[in-house]
Amino acid sequence: MSLEMIEIRWHGRGGQGAKTAALLFAEVILATGKYIQAFPEYGPERMGAPVQSFNRISETPITIHSGITNPDYVVILDPSLIDSVPVIDGISKNGKVIVNTSFNGKEIAKVLNICANQVYVVNASQIAVETIGKNIPNTPMLGALVKIIGNLNIGCVLEDMRTKLVAKFRHKPEIIDGNIISIKRAFNEVKN
Amino acid sequence: MIKTIYPKGKLVAKTGNEVMAEAMRQIEPDVVAAYPITPATEILQIFSQFVADGIVKSEYVAVESEHSAMSATIAASAAGARAMTGTSSQGLSLMWEMLYIASGLRLPLVMAEVNRAISAPINIHCDHSDTMGARDAGWIQIYSEDSQEAYDNMIQAIRIAEKAKLPVLVTTDGFIISHCMEVVEIYPDADVKTFVGEYRPERYLLDTKRPYTLGSVALQDYYFEHRYLLSQAMKESKNVILEVAKKFKKTFGRKYGLYEKYMLDDAEVAIVVIGSTAGTAKVVVKELRKKSVKAGLLKIRIYRPFPAEEIAKDLAHIKAIAVMDRADSCSGAFAPVYSDVVASLYANGVICPKVINYVYGLGGKEIRTEHIVNVYEMLERVASGAEKPSNNIKYINVRES
Amino acid sequence: MKREKKKITVFELSVENIVEAGTAVDFHTGSWRSERPVWNKEKCINCLLCWISCPDNSIRIVLGENKITTVAGINYSHCKGCGICAKECPHKIKAIVMEQEKK
């Protein structure tokens with residue numbers, strides 16, 4: 001609606017952490033001093049079914065409470081969704097799509113049938129396997145999204161993320177470091 | 001950069017359910033008896049975890065139905081405990097007969113309610129049918145626009161209940177608020193505890209030194225008198241609500257009233273609405289004001305007791321008003337909020353505004369800014385005399401094509 | 001003739017619907033009686049069955065110096081004359097019998 005508000009839509013599969021990703025993203029963005037909103041699309045909970053979740057980020061208080069139909073950013077956690085879900089629905093000419101994939105941007109743009117400069121790719125699954133040891137792409141995708149949005153402070157994000165992970169995984173330092181490195185790597189590796 | 005309003009406050013990202021549970025943790029009631037139901041489940045799940053972890057000293061009673069939940073809460077309160085519960089939709093429906101007993105016995109219970117549609121068809125999403133169905137039960141009803149209000153309202157509710165000797169329910173919109181993570185300012189435990197104070201009931205059943213009978217029969221002779229007293233107490237509770245709000249403002253800095261006026265004082269067209277849709281409508285009002293449309297908004301916070309005289313006064317200068325109901329009356333003359341607003345206007349001699357009733361968002365149906373823009377456009381046409389106001393309920397966003 | 005007492009107004013009612021304990025003491029239900037129980041001290045074996053059975057707490061008892069509780073009479077201002085005490089009194093003893101109330 002307003003110029004300073006950013007709207008994001010996440011696509012994932014039930015159990016993949018699309019809801020967690022949106023909630024986590026909202027929490028870390030709050031640490032950068034912005035107003036946030038995060039909400040999932042609720043329906044029957046089925047493992048593997050396509051699911052969506054949403055974020056709003058703003059410099060001013062967010063009072064709007066309707067769903068997001070015209071996102072500025074679309075994050076796709078699972079590339080297989082591209083064939084089965086209308087992932088680019090409602091996205092404008094300036095909208096950006098970030099995909100977890102091993103293909104390059106041009107190839108994905110062709111499949112999505114949108115302009116190549118709107119598409120960004122990062123192999124978040126591979127990063128997750130290499131850093132965290134499991135295919136959980138939602139954490140690295142946070143880093144990629146922060147990079148593409150551009151005006152967010154990655155330092156604040158990483159610091160807040162570490163605080164949260166320390167609270168949760170005090171006895172597993174390798175998980176904490178793995179997650180932090182995965183965000184940093186996706187931040188650096190996401191490309192057009 | 002976001003800042004807290006209360007110097008010792010802390011900004012957190014939490015959902016409506018999480019902050020309601022947080023308020024309950026800080027209030028630390030003696031007894032909570034509840035039966036979980038979507039979308040209010042999390043409130044009780046989180047609170048029962050606090051109990052299990054020994055974070056609160058409250059007694060948590062896991063009952064076998066909402067009817068029992070309300071019964072146990074009533075019993076605990078009558079015994080002298082500070083008692084709370086939580087529910088939604090079908091759960092509130094099952095509590096129905098006990099709701100009237102709680103208010104009839106003037107017990108200061110507080111309920112964390114999450115608005116959800118009533119079956120059938122089965123639906124878990126937001127509308128106000130559940131609490132509107134309980135609107136004449138003698139409970140104070142406080143509606144919240146967002147998570148911050150839900151948190152603040154819970155803290156105020158316990159004070160209001162105990163001062164007015166009336167049960168209070170605080171609601172949020174199911175999923176839209178209950179499951180939406182937002183920035184909420186949380187106050188320190190000690191400050192909340194000081195604000196709500198300790199509960200010292202004048203009389204309680206476990207007081208063995210001064211025994212008494214509670215809930216004795218009152219037939220033709222005195223039933224009416226008791227219900228009259230309840231009705232008067234509900235009316236007078238407006239002052240208690242305002243007094244608590246004043247103290248809240250003084251302590252924590254956030255201002256609350258019976259309703260919120262948003263750009264209303266110089267408005268020519270206005271919407272009256274309850275809950276989260278008020279936030280969406282505020283965005284529309286702001287945009288319309290940029291185009292020099294004199295749009296305004298009145299968001300009802302306290303639906304029971306209904307602030308009739310106050311609302312009539314504040315709407316008297318509006319040319320055309322839309323009352324947006326998130327509940328239908330299924331062929332009553334009009335939907336509940338509209339009926340209250342129009343009766344208030346008429347009884348207070350305000351007959352100038354044209355008032356239209358819209359029903360929207362049943363079962364969580366989307367209500368977007370463009371729908372609200374359409375409502376304001378209709379109001380402008382009615383205000384200018386270009387269109388006659390509808391004498392029937394208008395339904396927003398029903399699939400007709 | 002007895003006049004009806006002035007009833008309390010809505011403003012004097014307890015808002016919580018509280019009724020103080022012990023109000024039955026001032027409510028003299030004895031006037032409802034058409035038959036009255038008559039107790040014979042000489043026949044009574046102090047089994048206290050009448051005291052246990054009385055729905056109106058109208059059998060008076062006393063604790064003697066020997067720490068034995070005995071029947072002391074009947075509280076006629078509350079006894080409604082239901083006759084349960086006479087019925088419960090052992091058949092061979094018949095220390096309580098019902099008589100027509102003289103009015």
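Reminder, nothing fancy here: chain letters follow the sequence lines and each chain counts from 1.
- Between B:Thr15 atom OG1 and A:Phe39 atom CZ the span is 13.5 Å, to the nearest 0.5 Å.
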Go through it in stages, so that I can follow the logic: the residues are A:Leu30 and B:Ile2, the test is side chain to side chain contact (heavy atoms under 4.5 Å, CB included), and I'd like the CA-CA distance, side-chain angles, deciding distance and then a yes or no.
CA-CA 9 Å; A:Leu30 168 61; B:Ile2 329 176; 3.6 Å; yes
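- For chain A, no part of B:Ile124 is nearby; none of its heavy atoms comes within less than 4.5 Å.
- Both the backbone and the side chain of B:Glu182 have a heavy atom closer than 4.5 Å to some heavy atom of chain A.
- The distance from atom CG of B:Leu11 to atom OH of A:Tyr35, rounded to the nearest 0.5 Å, is 7.5 Å.
- Taking 4.5 Å as the limit, every side-chain heavy atom of B:Asp173 sits out of range of all side-chain heavy atoms of A:His65.
- More than 12 heavy atoms of other residues, nucleotides or ligands lie within 6.0 Å of OH in B:Tyr6, so this atom counts as buried by the packing criterion.
- Within 6.0 Å of the CD atom in A:Glu159, the count of heavy atoms belonging to other residues, nucleotides or ligands does not exceed 12.
- Here B:Glu366 is the residue among B:Lys282, B:His371, B:Glu366 with the most heavy-atom pairs under 4.5 Å with chain A.
- Residue B:His125 touches chain A through its side chain alone, counting heavy-atom pairs closer than 4.5 Å.
- Contacts of A:Ile29 with chain B are absent, with no heavy-atom separation under 4.5 Å from either backbone or side chain.
- Counting heavy atoms of neighbouring residues, nucleotides and ligands inside a 6.0 Å radius, atom CG of A:Asn151 exceeds 12 of them.
- Looking only at side-chain heavy atoms (C-beta outward), B:Thr280 and A:Thr63 stay at 4.5 Å or farther from each other.
- Considering every non-hydrogen atom in both A:Lys34 and B:Val183, the closest pair reads O-CG2, 4.3 Å.
- In this structure, chain A has a heavy atom under 4.5 Å from the backbone of B:Ile367, while its side chain stays farther away.
- Taking NE2 from B:His179 and CG from A:Leu23, the interatomic distance works out to 10.0 Å, rounded to the nearest 0.5 Å.
- For A:Asp89, there are no salt bridge (Lys or Arg N to Asp or Glu O under 4.0 Å) partners, not counting sequence neighbours.
- With a 4.5 angstrom heavy-atom cutoff, A:Thr69 touches chain B only via side-chain atoms.
- The environment of A:Lys184 atom NZ is sparse: at most 12 non-hydrogen atoms of other residues, nucleotides or ligands sit within 6.0 angstrom.
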